[in-house]
There are 2 protein chains.
Amino acid sequence: MNAPVLSNIKCGECPIRHRAVCSRCEGAELDILEKIKVYRSFKAGEQILWRGESMDFVASVVSGVATLGKTLEDGRTQMVGLLLPSDFIGRPGRDRVEFDVIAASDVTLCCFDRKPFENLLLVTPHLSERLVEIALDELDAARDWMLLLGRKTAREKIATFIDMLIRRSSLEGSTAQNDALTLPLSREEIANYLGLTLETVSRQLSALKSQGILQFKDRRSFEVLNPKALHDISGDDAPR
Amino acid sequence: MNAPVLSNIKCGECPIRHRAVCSRCEGAELDILEKIKVYRSFKAGEQILWRGESMDFVASVVSGVATLGKTLEDGRTQMVGLLLPSDFIGRPGRDRVEFDVIAASDVTLCCFDRKPFENLLLVTPHLSERLVEIALDELDAARDWMLLLGRKTAREKIATFIDMLIRRSSLEGSTAQNDALTLPLSREEIANYLGLTLETVSRQLSALKSQGILQFKDRRSFEVLNPKALHDISGDDAPR
DNA sequence: CGATACCTTGACCACTTTCAACGTCCGTGG
DNA sequence: CCACGGACGTTGAAAGTGGTCAAGGTATCG
């Protein structure tokens, strides 16, 4: 891993401060984190971690999007997670990653060297509680995704995916951008996330477009003209 | 939940002692657990927990098999986990289950009332460490299953499933029963676990039988005549 | 012994994939 | 500045895997 080291910004001004692993830390705890953190950035397409590799750091995503992927010997790949800003890479007590981590866009990470971070964990309940919470959220998300992968149709998968983008984006930028969105992934990456082929993804997006549910500005950015219809298609029950 | 309360057995003689949530506890810690535990049992097919329900207990599976399932409005269901002996139900800091828990066979649980258990967690690092470990193992398993659901063929799914049964059974009964196994689930349940229909499951099992890889004694019990071939079909790399 | 739940097998069908061609955007270099 | 090349995306046609529907088989339990 040879990413450039950027100038850090102060934790107090960090855009992901309220949701990241450090969200419960204040004062002295934050000062320690401040001291052991290093920003690193990766270009779109760069591999951040290799499957089976031993991690020398843990990190929060500050900006950009990264993917967690598993690959079969013959090249079929399945994404098993999507890392958006504030998401965390690394697990207490596990030094190997069980999947590839790849930057889907330019990515900036807030990295902590693993050893100091783990030592800090032992004496900082705020941190370890939050980490457990994050892991359990991921477990819930993984199980929802299992339902999608195992039982949903292509149409439902795409609708669910976009519905998720709406939900996540309404969480972060609380700017009232009701419906203008950007696909964080290429068609092929979306396909690997949803267990489809890129052609099927393309066709289903076209279908949603021709049904007047989505309107594309360009390949990546679009508006949701009919969020209700989209959600109905997704097959999920009413939003929580 | 109205399961009969069985006479407890002593923790020291518990068959799942070495792998369950209590595996790191000794002496005084074990004495406390001993005091707050209650055995409950469920008949095959009984629902142990309903999705969205608030849990009043957490538990370890002592014997039998239970399933974790999610269901779409129209009835399609996907299993998101399989609970075998020593597996744990319940999460620190979450009082609702996000899926249905159903007894696939007669099941005996070692139950702890949630409040006392959570209090104990706070002062028993052995217990909470083990719980985090268990949650992370489940996360890994969920991600492996995502690869299966999203990218594997019916044939590969069935082979992976049986391969998993071999691995799990070699863990527990270290009796040298190289190859005699029992399907813990009905065809329909297997289908819901693998994201298939029961007919496809049946056909694929028949195929493995006619290829001389499996040999059935009856509907549920069989021998693996060619574990190597089975594993090759599964699409996974060499066993860890 | 019959009822019922579970399983198997066949025939057909549909959805998604596969294969292929073409289109669009964008950066690079002539 | 435009032309070329490559990455990315769209669309069509054909093929194939797994699903659906249906009939019949087998085991188990009263």
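Within 4.0 Å (heavy atoms only), A:Leu196 reaches sugar-phosphate atoms of the nucleic acid but no base atom. B:Arg219 comes within 4.0 angstrom of a nucleotide base, judged by non-hydrogen atoms across all strands. Within the nucleic acid shown, B:Gly45 has no heavy atom closer than 4.0 Å to any nucleic acid atom.
In this structure the side chain of A:Phe222 never reaches within 4.5 angstrom of the side chain of A:Leu205, judged on heavy atoms. With contacts defined as side-chain heavy-atom distances shorter than 4.5 Å, the pair A:Leu109/A:Ile48 qualifies.
Rounded to an integer number of Å, the gap from A:Arg76 CZ to C:dT16 C1' is 15 Å. Regarding B:Lys217, its NZ atom lies at a distance of 19 Å from the P atom of D:dT26, rounded to whole Å. Atom CG in A:Leu185 sits roughly 15 Å away from atom C1' in D:dG9 (whole-Å rounding). Between the CD atom of B:Glu188 and the P atom of D:dT20 there is a distance of 12 Å, given to the nearest Å. Spacing between atom CG of B:Leu205 and atom C1' of C:dT9 amounts to 14 Å, rounded to whole angstrom units. Atom NZ of A:Lys157 and atom C1' of C:dT17 are 12 Å apart (whole Å). Note: CG (A:Leu214) to P (D:dT10) measures 12 Å, nearest angstrom. Between the CG atom of A:Asp218 and the C1' atom of C:dG23 there is a distance of 16 Å, given to the nearest Å.
Of the possible polar contacts, one joining the A:Ser234 side chain to the A:Asp236 backbone as a donor-acceptor pair under 3.5 Å is found. Panel note: side chain A:His231, backbone A:Asp237; a donor-acceptor pair is recorded below 3.5 Å.
Closest to the B:Glu199 side chain, of the nucleotides D:dG19, D:dT10, C:dT9, is C:dT9. The side chain of A:Ser206 lies closest to D:dT10, out of C:dT8, D:dG9, D:dT10. Checking D:dG18, C:dC19, C:dC7 against the side-chain heavy atoms of B:Ala154 singles out D:dG18 as nearest.
Residues A:Arg151 and A:Lys209 both approach DNA chain D. Their nearest nucleotides, taken by heavy-atom distance, put A:Lys209 toward the 5′ side.
The phosphate of C:dT16 has neither OP1 nor OP2 within less than 4.0 Å of any side-chain N or O from A:Arg203. In this model, the phosphate group of D:dG19 is approached by a side-chain N or O of B:Thr200 to a distance below 4.0 Å at OP1 or OP2. Distances shorter than 4.0 Å separate none of the side-chain N or O atoms of B:Ser186 from OP1 or OP2 on C:dA5.
Closest approach of B:Trp145 to B:Tyr193, counting heavy atoms only: NE1-O, 2.9 Å.
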